[in-house]
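Proteins come first, then strands; the chains are lettered A, B, ... in the order of their sequence lines, and each starts at number 1.
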Amino acid sequence: MKFPIERHQLDNGLKVVLSIDSTQPVIAVNLWYNVGSRNEPVGLTGFAHLFEHMMFQGSANVPDTQHIAHIERAGGSMNGSTWLDRTNYYETLPSNRLELALWLESDRMGFFLPALTQEKLDNQRDVVKNERRWRVDNQPYGDWDERIQAMVYPPDHPYHHSVIGSMEDLDAANLDDVRRFFSTYYTPNNAVLTVCGDFDRGEALALVERYFGEIPRGPEPPALPGQPIVPTSLEAAVRETVESEVALPRVYIAFRVPPYGTDGFYQSDVATQLLTTGKSSRLYSSLVRERRLAQSVAGYSFPIVTGAAMGVFWATASPGVGVEAMEAAFWDEVNLLRTGACTQRELERVITGTESRQTISLQKVSERANEISMFTTLFDEPDRINTELDRIRAVTCSDVTRFAEESFGRESAAVLTYMPRARAVAS
Amino acid sequence: MSGGVADRSLAPAPGPLRPFRFPPIERFELSNGIPVFFTPTSGFPIATFSVVLPSGAIREDASRAGLATLTGNLLESGTDRLSAPAIAEELETLGVRLGVGASWEVTSVEFTALSARVGDAAGIAAHLMTSATFPEVEVERLRSEQLAGILQRQADPRGLANEMASRYIFAPESAFGRPVSGTTGTVSGLTRADVVEYHQSTYTPHGAAVIVAGNLSSDSVQAAAESAFGQWQGPPPPDRSALVKARSSTVQVVIIDRPGAVQSEVRVGHLGVERNTPDFFAVLVMNTVLGGSFSSRLNMNLREKHGFTYGVSSTFVMRRQPGPFLVSTAVQTEVTGAAVREISGELESIRQERVAAADLADARNYLAGTFPLRLQTTGGVASRLAELFIYDLPRSYLDEFAERVLAVTDQEVLEAARKRILPERLMVLVVGDAKSVRPQLDELNLGPIEIVPAERGS
């Protein structure tokens, strides 16, 4: 499947990508700002995400909470999200409402500051703190990524702290921080706008120019804080054990891997899938089915670009199983892969599975628009949406073995273990 | 239109709307009488293929709760011809993940695959459904897995709140009151013989349908379905209705104690309505106004005005028989009482006054406009076809959805609120720190408060 891609750039630096698909009368508008938690200095963790919340609290011509209200009453849905490298804003609507989406996005890109108030900041601070409680503090294993990131990346690396941030830093955020952050990062030259779906090309371009053209170019974004450059392998193993309100022990095992977009990253992805994806995967077959040490196993290579990415595995122990035995079995399997056992059939299953999942996912214009924004922001190549699968296909068995040997060793692993709290025995 | 700077002071008006019609649905029958419903789609070379059986977990004895789930999970554990690892390899070679859904009233076996692979995948699905052998070692393994899942659910405040909300809304003899995947007590007693018996009586072609949505020709759909399922024989399934009864007709207030919890998981609700309720569209619109969108009253109140929560929503779970009506949210421990007060206030207020014209229009437009969005995927289309089949809905339902929604009046919404939201029967359940929450709820004077230690699960 090949998606049509057409790219433009406004004078103020805004990159614009169009992808037409008139199959359904729907349209997706997607905006990536090239700012994420990695841009947060010490003392302001969680700020990029808090700021994202503020972007829904109104702009010069749009009252508080009305961004979403406008979209919902137009028969659409809208949301945003913050991650390590980026912040995105997206809406899906009936295709006759493109102008509404462009009006809303341009109003907050260009004219956000007049609507900013202390009350809104205080309100969204409370909302975000509750989000942290809901996702992290009141959830079994909820703080895993916070702990893992701190283990995998040194304290001065932009990925050392979590996206959600700490309660203390959230409390410290003030209006001046908000103004400064907006002026520094929420500029057309730091953004990519993608429109995907049922629209007329000429009309869309004219609307984009009309709504975004007058927003002035901003300053060049500053360099990332701290030290983004790190070796793509942990220098020494690190371990941590946490007792918390969990029913079963779980182990997270993380490695530094080459950044997203590099050959090494795709090798990491394929190796990880071979080990964890589906019931024919190595770790499922061994740990879950045959040896019955684990309830479940999973793995994921984080598609992030700053210095080094992260490959993470996790396995939940079956009741009564010692977590050391499960971890030992994990290393048994990984070492088998490192010393040479990789078959063409397994590789083909990884490729077929990836192709299926991608095709299914890209049916939605919102997914396509987001992928296009991502490829444009990270690599300045929107057409990568049409060639990404080729990079997975290019990975060979010997690539997988060599990669696993170099990168998935115990000596360069961060291992985080959750243990259930010892309880008094109930009568 | 070209050039010029926008006048930003007004929201842009809509352009001309492309009218929406649900795509055509073809119907044919297999040799053994199983109906096939097929909607062709274009663009992507994939299709969703689903077999829906009119029998589900409500058929379980209370003492065997979780049997439907266990049996469904065991479908891939082995057949007379293939071992579990071989099954996994075959499916994954096709790039297919089989989804087995053992819900209350139906059982579904579904996959989405590239079009060229649908025939082979359907063959495997049929083989598993008809010839699964349930090896003892896998029964034992998946039973343990299900038990571990129950432990994990009970350690998760959200999962625990959902489980307990059902338990307190429905009477003990109602199936809907227990978790679909069972309890520690019931699942540990399940045997291979139970699974075999459940499989034989449930996985039968009587009353079943094959549902396909995707980029395929009618001929190839017919061929694939006939080849896989056309010769399937089996007994009629047993009767599928079950007792649905509320646990209480008065207010209940329950705290499931988790000492030190920084947040309370709150569930407020009672017995709701069935899918075929005559006021379906009015209830839908009413619920959207109340708590069915970001702009809803509950969300604007608890999140945007008060900052109590990251999110709150309300829903009427409409099964063939009435499921629960439930408001769900997680709030900071210290504001639990205030949040419950606001929730009660919103439930009262939608029953007292008509919804203003602009707010009503917003809710209707949201529902009508977002309806086609899910039809971008073959899975979304297949779900809609399944909905027609499961609830005996007329074909026109899909084409008329938007019109019916847009025709709902403020009077109908008010009547739906008065009839379907019953404050005197409210269950208020909190999973949280009882030491902090109890005094807060006491102040609301809702009624006697029951406190349950979280350890005492099932």
Would you mind telling me which of [options] has the largest number of heavy-atom pairs within less than 4.5 Å of chain B?
options: Arg289(A), His70(A), Arg97(A); value: Arg289(A)
options: Ser77(A), Ser95(A), Ala247(A); value: Ala247(A)
options: Thr23(A), Asp137(A), Leu248(A); value: Leu248(A)
options: Leu102(A), Ile351(A), Val288(A); value: Val288(A)
options: Asn123(A), Asn130(A), Val350(A); value: Asn130(A)

Side chain, backbone, both or neither: which part of [X] has a heavy atom under 4.5 Å from chain A?
X: Glu140(B); answer: both
X: Leu151(B); answer: both
X: Arg141(B); answer: both
X: Arg117(B); answer: side chain
X: Arg364(B); answer: neither

Side-chain contact test, heavy atoms from C-beta onward, threshold under 4.5 Å: evaluate it for Met1(A) versus Leu362(A) and give yes or no.
no
Within 45° of the axis and under 6.0 Å from the centre of the six-membered ring of [Y], does NZ or CZ of [X] qualify?
X: Arg250(A); Y: Tyr141(A); answer: yes
X: Arg210(A); Y: Trp103(A); answer: no
X: Arg303(B); Y: Phe294(B); answer: no

Just by distance, with hydrogens left out, do Asp198(A) and Ser22(A) show a side-chain donor and acceptor under 3.5 Å apart?
yes
Can you tell which of Pro372(B), Ala13(B), Gly159(B), Gly369(B) has the highest number of heavy-atom pairs within less than 4.5 Å of chain A?
Gly369(B)
